[in-house]
Peer 1: 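My structure is below; once you've seen it, I'll send some questions.
Throughout, protein chains are lettered first and strands after them, A, B, ... in sequence-line order, and every chain is numbered starting at 1.
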There are 2 protein chains.
Amino acid sequence: MLDQRLLPRQEIYRRYRDHHEVAEAIRAMVIRGAPAIGVAAAMGIALGALNATAAADEEFDAHFERVCNEMAAARPTAVNLFWAIDRMQGVYRNARPGGIGAVCAALIQEAVRMHAEDIEANRAMGRHGQVLIPDGARVLTHCNAGALATAGYGTALGVIRAAVEAGKRVEVYADETRPFLQGARLTAWELQKDGIPVTVITDGMAGHFMQAGRIDCVIVGADRIAANGDVANKIGTYSVAVLAKENRIPFYVAAPTSTFDLSMPDGSHIPIEERGAEEVRRIQGIPITSDDTQVANPAFDVTPNRYVSAIIAERGIARQPYLGNLRAMRSANSE
Amino acid sequence: MLDQRLLPRQEIYRRYRDHHEVAEAIRAMVIRGAPAIGVAAAMGIALGALNATAAADEEFDAHFERVCNEMAAARPTAVNLFWAIDRMQGVYRNARPGGIGAVCAALIQEAVRMHAEDIEANRAMGRHGQVLIPDGARVLTHCNAGALATAGYGTALGVIRAAVEAGKRVEVYADETRPFLQGARLTAWELQKDGIPVTVITDGMAGHFMQAGRIDCVIVGADRIAANGDVANKIGTYSVAVLAKENRIPFYVAAPTSTFDLSMPDGSHIPIEERGAEEVRRIQGIPITSDDTQVANPAFDVTPNRYVSAIIAERGIARQPYLGNLRAMRSANSE
């Protein structure tokens with residue numbers, strides 16, 4: 001894994017040899033972004049199974065359950081993690097009669113397939129979503145919903161990439177996204193590598209640029225989308241959505257159907273992760289407050305569906321009413 | 001001056017011996033906050049006059065004009081700077097016939113008076129404004145409008161202090177306020193010294209806490225208030241105001257009448273300072289983006305009057321319509 005905590009100053013790849021390390025890498029945000037977490041969890045689970053091939057049959061079942069439980073405890077909000085675990089558990093059940101070797105082969109194959117599928121889903125989202133981006137658009141994004149947050153290409157940034165590939169001129173404004181600085185560190189790094197013009201702004205500047213008529217649309221990713229279209233995403237997304245609506249700017253969410261959680265009727269049920277105080281008290285290890293200053297650190301917020309102009313998924317574009325439209329999209333065959 | 005760039009980690013006081021140093025301290029934000037900038041400029045001008053007492057009469061007039069011009073160029077948005085220069089120029093004209101010695105004495109006296117008046121204005125704002133803060137209120141503030149931003153006691157934080165002195169329980173949420181981190185570094189430091197409970201949040205969290213019903217009112221300071229009640233204040237204030245309105249939370253501005261600029265019909269005419277890229281690219285000297293990443297750094301934004309529930313000044317509380325009410329307040333005798 002490319003260690004995202006160190007970008008853009010250092011590009012360090014880390015190799016993990018067991019599922020404990022993978023779960024810890026997810027928890028510590030070496031890797032982050034809902035789709036990337038899903039794929040990493042699948043690979044971690046395959047690794048966990050592989051490391052127990054010498055176990056007796058009953059032990060192997062118990063071990064696999066522990067592997068899945070440990071992975072599920074890594075982070076609570078991105079539903080792709082649980083989606084990936086469910087999928088790996090299904091593969092496990094189907095392959096189990098063939099023995100441990102067959103199970104491991106099937107798990108590896110499934111994880112690799114999920115990696116490829118995620119890239120393909122992002123490409124499809126790009127094709128669907130890029131029609132929403134006008135030529136010459138100045139697009140605001142929050143956090144990082146790019147190649148780094150997925151298996152590749154990106155969700156929100158995938159739509160931007162597809163617009164650029166379609167020959168449109170696109171300029172990106174990237175919220176720096178405190179506390180983890182995904183915008184300043186990751187989105188800018190990705191887009192600069194691709195030669196797409198990007199300007200980093202602090203989170204408090206987004207409203208000012210909207211008010212000044214310098215933003216044409218907003219596009220973000222998602223960590224979990226409830227059945228009614230409420231969107232959990234990186235803390236600060238709700239503020240951006242309210243400001244977009246107030247300034248009559250379209251607010252788009254790009255996310256694969258694996259991010260839909262139709263078991264949640266609305267966003268109020270989505271668990272919001274509270275992360276450690278040090279992420280707020282320090283920036284890159286440097287203290288910005290006193291050590292005893294009280295801070296809060298909710299990692300996500302929920303944007304009610306009324307602020308969401310459209311949800312771009314790999315199967316097309318959903319609009320209001322989301323309750324029926326997301327369900328129809330999820331149950332449809334993949335394109 | 002207490003060097004506000006170094007708080008809360010270091011409390012270093014700096015002594016300045018000429019007006020160049022004072023202007024540079026204002027520009028570099030050793031001291032900041034509209035009322036504090038006004039008082040510092042007045043003291044810098046008195047220092048500038050004192051340092052030229054050996055000059056010939058005509059040279060002294062030209063020197064004084066250069067001192068005022070240099071001070072005026074330090075920062076563009078906070079109108080208190082220009083208000084202070086105007087006031088010192090008036091004192092100069094009145095005292096000039098008495099000779100250079102009399103001028104210097106009058107300038108020093110005026111600067112000291114402005115310092116005392118500012119503290120008294122803040123105390124009066126506190127008395128007027130604290131009635132708006134309910135017992136048990138959870139109050140959000142942005143940037144630092146405290147003792148550090150004024151000659152003492154504070155504008156927005158003065159209102160909070162007065163509410164606490166009136167026996168109310170008040171809990172403060174402080175936006176960290178990137179890029180300069182006035183909330184994390186200064187507001188938290190001030191309130192912790194006073195034993196007022198404060199929780200620092202990142203700028204993107206403010207909307208989430210409002211949406212969650214955990215904020216009862218917002219109170220901020222101002223750098224310039226136009227005749228119609230549009231408010232220029234630290235970048236990010238506009239976003240907070242929009243989010244407060246969306247969540248039906250009162251949004252108050254506390255500022256002395258020296259912050260009113262009735263020559264500006266509305267906020268669109270207020271000059272917005274663009275500061276250096278390094279403030280965004282680095283935090284406490286540590287790079288968070290690549291050195292070649294493009295950034296923007298507008299230091300202020302303008303909140304249209306329709307988002308402002310009330311303006312608390314030393315002469316009372318103004319509400320809509322601001323156009324008549326601010327003018328009446330400015331021309332009334334001081335209480």
Peer 1: B:Gln211 side chain to A:Val302 main-chain N or O, any donor-acceptor pair under 3.5 Å?
Peer 2: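 Checked: pair present.
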Peer 1: Select, from A:Ser290, A:Pro304, A:Pro298, A:Pro179, the one with the greatest count of heavy-atom pairs under 4.5 Å involving chain B.
Peer 2: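 It is A:Pro298.
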Peer 1: Name, in order of residue number, those residues of residues 240-252 of chain B that have a heavy atom at a distance of less than 4.5 Å from a heavy atom in chain A; otherwise write 'none'.
Peer 2: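 From residues 240-252 of chain B, the residues near chain A are B:Val242, B:Leu243, B:Glu246, B:Asn247.
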Peer 1: Just to be sure I understand the criterion: a residue of residues 267-282 of chain A counts if one of its heavy atoms is under 4.5 Å from a heavy atom of chain B. Which ones qualify?
Peer 2: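 Residues in range: A:Val280.
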Peer 1: Hey, what do you get for CD (B:Gln284) to CD1 (A:Ile288), rounding to the nearest 0.5 Å?
Peer 2: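 One gets 7.5 Å once the value is rounded to the nearest 0.5 Å.
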Peer 1: Quick check: under 4.5 Å, non-hydrogen atoms only, which of residues 184-209 of chain A neighbour chain B?
Peer 2: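 Hits under 4.5 Å: A:Ala184, A:Arg185, A:Ala188, A:Gln192, A:Val198, A:Thr199, A:Val200, A:Ile201, A:Thr202, A:Asp203, A:Gly204, A:Met205, A:Gly207, A:His208, A:Phe209.
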Peer 1: Sort out for me which of B:Pro8, B:Gly285, B:Ala212 touches chain A most, counting heavy-atom pairs under 4.5 Å.
Peer 2: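 Looking at each option in turn, the highest pair count goes to B:Pro8.
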Peer 1: Heavy-atom pairs under 4.5 Å with chain A are the metric here; pick the option from B:Tyr173, B:Phe300, B:Tyr307 that has the most.
Peer 2: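 Sorted descending by pairs with chain A, the first entry is B:Tyr307.
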Peer 1: Among A:Asp291, A:Leu7, A:Thr177, A:Thr293, which residue has the highest count of heavy-atom pairs closer than 4.5 Å to chain B?
Peer 2: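 Of the candidates given, the most pairs with chain B belong to A:Thr293.
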Peer 1: Determine, for B:Arg178 against A:Asp175, whether the closest basic-nitrogen to carboxylate-oxygen distance falls under 4.0 angstrom.
Peer 2: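 No, B:Arg178 and A:Asp175 are not salt-bridged.
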Peer 1: Using heavy-atom distances under 4.5 Å, tell me whether B:Ile283 contacts chain A through its side chain, its backbone, both, or neither.
Peer 2: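 Contact with chain A: side chain only.
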Peer 1: With a 4.5 angstrom heavy-atom cut-off, could you sort out which part of B:Leu181 is near chain A: side chain, backbone, both or neither?
Peer 2: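 Contact with chain A involves the side chain of B:Leu181 alone.
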Peer 1: For chain B, which of A:Gly183, A:Gly236, A:Pro287 has the most heavy-atom pairs under 4.5 Å?
Peer 2: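 Option with the greatest count: A:Pro287.
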Peer 1: Please list, in residue-number order, every residue in residues 215-234 of chain B that has a heavy atom less than 4.5 Å from any heavy atom of chain A; write 'none' if there are none.
Peer 2: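 Residues of residues 215-234 of chain B touching chain A at under 4.5 Å: none.
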Peer 1: Between A:Ile286 and chain B, which part of the residue has a heavy atom less than 4.5 Å away: side chain, backbone, both or neither?
Peer 2: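 The side chain, not the backbone.
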